[in-house]
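First comes the structure, then the notes that go with it.
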Amino acid sequence: MIIRPQKTKFQVLVVDNLKTISQWAINPWRRYSLAIIVFFIGYFFGSSLGMISAVYNLMDPISALFSIAFIEILIKLRRSFLIDKNNKFYILIIDFLRIGLLYGFFTESLKLL
């Protein structure tokens, strides 16, 4: 007899909500609208971090470390979601967040030239 572990509050709040969001996003319009919203959130954080690090010249290496670490964490998450074929929605969201961050960094670097 296999004893199933008890559902924790974290699992109920986060994991089950992610499953309901992926079921809600079966419709392509909802899926791509949510992906574009995540892209703009990533763009906002990328451009904000670029502006903050441009104002304080001492924080450039620290902000570069945080941004590279965050992008590497997103890459590791993407690789873990690639194992299961049912996680295409999560891969789409992670990719759009990563592209938004990189696009925000790129546009901020063009402003500084």
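Y32 and Y103 fall within the same hydrophobic cluster, defined by Ile, Leu, Val, Met, Phe, Trp and Tyr side-chain heavy atoms under 4.5 Å apart, directly or through other members. Linking ILVMFWY residues whenever their side-chain heavy atoms come closer than 4.5 Å, directly or via other members, places V38 and I94 in the same cluster. F96 and F106 sit in two unconnected hydrophobic clusters of ILVMFWY residues. Membership requires side-chain heavy atoms under 4.5 Å apart, directly or through other members. Linking ILVMFWY side-chain heavy atoms closer than 4.5 Å, directly or via other members, places I41 and L77 in a single hydrophobic cluster.
Minimum heavy-atom separation, S67 to F105: CB-CZ, 3.4 Å.
With sequence neighbours excluded, the residues satisfying side chain to side chain donor-acceptor pair (under 3.5 Å) with R98 are D95. Scored by the side-chain contact (heavy atoms from CB on, under 4.5 Å) test, F89 finds I21, S22, A25, R31, L34, I93 as partners (sequence neighbours excluded). Listed by chain and number, the residues in a ring pair (Phe, Tyr, Trp, His ring centres under 6.0 Å) with Y90 are F81 (sequence neighbours excluded). With sequence neighbours excluded, no residue forms a side chain to side chain donor-acceptor pair (under 3.5 Å) with S33. In terms of the side chain to side chain donor-acceptor pair (under 3.5 Å) criterion, residue partners of Y43 (sequence neighbours excluded) are, by chain and number, T107. Every residue meeting the side-chain contact (heavy atoms from CB on, under 4.5 Å) condition with F70, not counting sequence neighbours, appears here in chain and number order: L74, L97, L101. F44 pairs by the side-chain contact (heavy atoms from CB on, under 4.5 Å) definition with S48, not counting sequence neighbours. F66 meets the side-chain contact (heavy atoms from CB on, under 4.5 Å) test with I62; sequence neighbours excluded.
Sorted by first and then second residue, the salt bridge (charged side-chain N to carboxylate O under 4.0 Å, His left out) pairs involving residues 61-76 (not counting sequence neighbours) form an empty list. Counting only residues at least two apart or in different chains, salt bridge (charged side-chain N to carboxylate O under 4.0 Å, His left out) contacts with residues 39-48 are absent.
Rounded to the nearest 0.5 angstrom, I91 CD1 and R79 CZ are separated by 12.5 Å.
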Full working for side chain to side chain contact (heavy atoms under 4.5 Å, CB included) between I36 and F40: CA-CA 6 Å; I36 288 174; F40 285 132; 3.4 Å; yes
